[in-house]
Amino acid sequence: MNNQKNSETSWKSFLAFFRHAQISWGWILIALILNIVYYQTVTKLPGSTAGLFTGRFTKAAIMGVVTNYSLVLIWMSVVMIAQVFAIAKSVKSVRRAVWTRMMGVTTSYYDKHGPNTLFSAVTSDVEIAITTLVSVVVSVPGMLSYLIKAIPMIGGFSPKLLWAVWILIPIYIIYAFGMGSWQMRVGNSIQMKIGGLTGYLTDRIRNLTMIKTFVTEDLEEQKGVSAAKELYKTNIEYSHLNAVIVAYTIGTEVAGIVCAVLWGCNLLRTGEINLEQWLAFFLFVPTINTVFRQFTMIWANFKEVQGRATRLGVLMEAPQEEQKECLSKEIPNGDIRFEHVTFAYTDDTKLYENLSFVIPQGKTTAIIGYSGCGKTTILKLLERLYSPQNGKITIGDTDIEKLDLKEYRNTISYVNQEAGLFSGTIREALLYGNTNTITVEKMDEVTKLSGIYEFIQSQPDGYDTELAIWGSAMSGGQRQRMVIARELLKNTEILLLDEPTSALDAETASSVSETFYTLFKGKTIVTVTHEIGFVVNADQIIVIRNGQIDGIGTHEELYRTNSMYQELFDEQSIKEVLG
């Protein structure tokens, strides 16, 4: 029952791939038609060539051979060019479709699927699936047209000649269901190991500093060598497989030719065919063998396409961020309210249940609590990276789920503790996602306020200096200041801060908190932080304990009445004093 269900799911995902993929069927159709013309031209070669072999050296016969062979070469070249275009354009279109779908996938999907799988989907899965698919679709009609024309021609010489053709079919069937499945299994194993090695290397290269800090170079070297060795073993197995396939292919070619020669000689000796017919049949045999062998490979090729297309289909059918009924693209003003919100990352553990509180418009709200209580999750819910299972979050009495998603997110700036930066120039990093017109003077002003101006000016090309990948050549504090400057330039109405000063020293952190209060005065700030300057000066502080509200108020109110807040505040104060 489970196997049947899995099979149905697999076919559903396979068909989903074709539903979403933007394959260049026009170019494929052109290549297919040209391939049919090519194979029809190939059927003329044996007859015209056999005439010359039997001594018919007329001008018409010679010109016929020259013309036919020339046309075969021309059509072969044209088919290859058209097929290359069909593959290239289809790969480009499908990659765009996959990437577009990936951009809309919910955050929860990425929580469950690692980057290695997704990386493999966009690169190797698309490339191999489309290349194999186009090759199959283009070649099959042409090969069928060849057999439809060639077999009656051979039968016209003598029906008994076909016996030498049919006897090889069982050999090809064995190939299809034996080595075909072996080839697919080993090929998939190679792709999985390449994906694993790529993910391992990417992760380690990104964290080279940590490796050096923990003095684990030898350990990581061993792991890398082990991963490469596993890939090597699989490649060796694949080489053995290819060697067997080559030997099998040569064997079937030889068997086909031997059968044709022996059986044709027997029919020639008995007078059932003449020499020209025997030669024509002999010249048909290699192409017929090739066509039969390619037909038997279609099953293996189809399973290859199905496997990769199914994986792509699963990704392309992944849950998309829902845009529910959009009331308006205008984002309302007003307080933000959590109304009886229930949320869980997994079905068995609820992080919040029936959570309610208000974030006043134009005020600063600090959220504090013990590690793991879900403070950052509140920011993610506000950003609509996740949606509550029950209850709702409103802004100005409007459910944020009913607001246009892109317009809503454009009203929010999000500064997190990871300080994410893409590679590119400093200017591009500062203006990433910014739709406003920003002058150099404005960038100077903001970078001075965030404390990154002097670093930028010290670089050889200023704002046009290229950053290392992930900003790895910068310190954690410098990356954090860059992120703060980026969000200040965005200048939105709502600012979400997740430990924005975690990578800064106490003096700089205090300065940055003052900068936020100054530049975003009158705007809504929601911060998760341990920085005392943020907490003490906040208009409202929300204390979270075990997924529930433990207290709401100002610093003075909570310090007098809430033991948990007093404990957290005193602990942080002592750390700052000791620092």
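Predicted, not measured: the structure shown is a model, and the values here were computed from it. These values consider heavy atoms only, across backbone and side chains, with no hydrogens, waters or symmetry-generated copies.
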task: Begin from the C-alpha positions of D550 and I544 and carry the test side chain to side chain contact (heavy atoms under 4.5 Å, CB included) through to its verdict.
output: CA-CA 5 Å; D550 192 69; I544 303 288; over 6 Å; no
Does the [X] side chain pair with the main chain of [Y], one donor and one acceptor, at a distance under 3.5 Å?
{"X": "Q389", "Y": "V341", "result": "no"}
{"X": "T425", "Y": "E466", "result": "no"}
{"X": "S24", "Y": "G26", "result": "no"}
{"X": "T524", "Y": "K363", "result": "no"}
{"X": "Q457", "Y": "E454", "result": "no"}

message: Heavy-atom count check: over 12 atoms from other residues, nucleotides or ligands less than 6.0 Å from W25 CH2?
response: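 For W25, atom CH2 is crowded (more than 12 foreign heavy atoms under 6.0 Å).
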query: Any Lys/Arg nitrogen of E383 or K380 sitting under 4.0 Å from an Asp/Glu carboxylate oxygen of the other?
result: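 K380 and E383: not salt-bridged.
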task: Determine, for R95 against E127, whether the closest basic-nitrogen to carboxylate-oxygen distance falls under 4.0 angstrom.
output: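 Judged by the 4.0 Å cut-off on N to carboxylate O distance, R95 and E127 do form a salt bridge.
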Starting at [atom1] of [X], measure out to [atom2] of [Y] and round the result to the nearest 0.5 Å.
{"X": "L431", "Y": "T437", "atom1": "CG", "atom2": "OG1", "result": "10.0 Å"}
{"X": "Y453", "Y": "S458", "atom1": "OH", "atom2": "OG", "result": "11.0 Å"}
{"X": "L403", "Y": "R384", "atom1": "CG", "atom2": "CZ", "result": "6.5 Å"}
{"X": "D539", "Y": "T364", "atom1": "CG", "atom2": "OG1", "result": "5.0 Å"}
{"X": "R427", "Y": "I456", "atom1": "CZ", "atom2": "CD1", "result": "10.0 Å"}
{"X": "T447", "Y": "K442", "atom1": "OG1", "atom2": "NZ", "result": "11.0 Å"}

Measure the shortest side-chain to side-chain distance between [X] and [Y] over non-hydrogen atoms and say whether it is less than 4.5 angstrom.
{"X": "T394", "Y": "D335", "result": "no"}
{"X": "M482", "Y": "L430", "result": "yes"}
{"X": "K490", "Y": "E487", "result": "yes"}
{"X": "T465", "Y": "P460", "result": "yes"}
{"X": "T365", "Y": "I542", "result": "yes"}
{"X": "Y463", "Y": "V440", "result": "yes"}
{"X": "K392", "Y": "H340", "result": "no"}
{"X": "I438", "Y": "V446", "result": "no"}

query: Just one of L355, I400, I359 clears the side-chain contact (heavy atoms from CB on, under 4.5 Å) bar with I393, so which one?
result: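 Checked L355, I400, I359 against I393; only one passes side-chain contact (heavy atoms from CB on, under 4.5 Å): I400.
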Working for side chain to side chain contact (heavy atoms under 4.5 Å, CB included), residues D399 and K402: CA-CA 6 Å; D399 189 340; K402 295 182 179 179; 4.3 Å; yes
Closest approach of [X] and [Y], non-hydrogen atoms and distance?
{"X": "L558", "Y": "G553", "result": "CD1-O, 3.7 Å"}
{"X": "S90", "Y": "I130", "result": "CB-CG2, 3.5 Å"}
{"X": "P360", "Y": "Q540", "result": "CD-NE2, 3.5 Å"}
{"X": "N562", "Y": "G551", "result": "ND2-CA, 3.9 Å"}
{"X": "I367", "Y": "K375", "result": "O-CD, 3.8 Å"}
{"X": "V126", "Y": "V94", "result": "CG1-CG1, 3.9 Å"}

- request: Name all residues meeting the ring-ring contact (aromatic ring centres under 6.0 Å, His included) criterion together with F338; count only those two or more places apart in sequence or in a different chain, and write none if there are none.
  value: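 Listed in chain order: F357.
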query: Mind checking what makes ring-ring contact (aromatic ring centres under 6.0 Å, His included) contact with Y559, not counting sequence neighbours?
result: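 Result, ring-ring contact (aromatic ring centres under 6.0 Å, His included) vs Y559: H555, F569.
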message: Between T411 and T492, is there a side-chain donor-acceptor contact under 3.5 Å, judged purely by atom types and distance?
response: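 Absent: no donor and acceptor within the cut-off.
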query: Between Y370 and E567, do the side chains contain an N or O donor and an N or O acceptor separated by less than 3.5 Å?
result: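 A donor-acceptor contact under 3.5 Å links the two side chains.
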task: Check the pair I336, I494 against side chain to side chain contact (heavy atoms under 4.5 Å, CB included), reporting the backbone distance first and the verdict last.
output: CA-CA 10 Å; I336 298 172; I494 301 173; 4.1 Å; yes
message: Please evaluate residues V543 and I552 with respect to the criterion side chain to side chain contact (heavy atoms under 4.5 Å, CB included), reporting the C-alpha separation (whole Å), side-chain torsions for both, the decisive distance (0.1 Å), and the verdict.
response: CA-CA 6 Å; V543 183; I552 297 179; over 6 Å; no
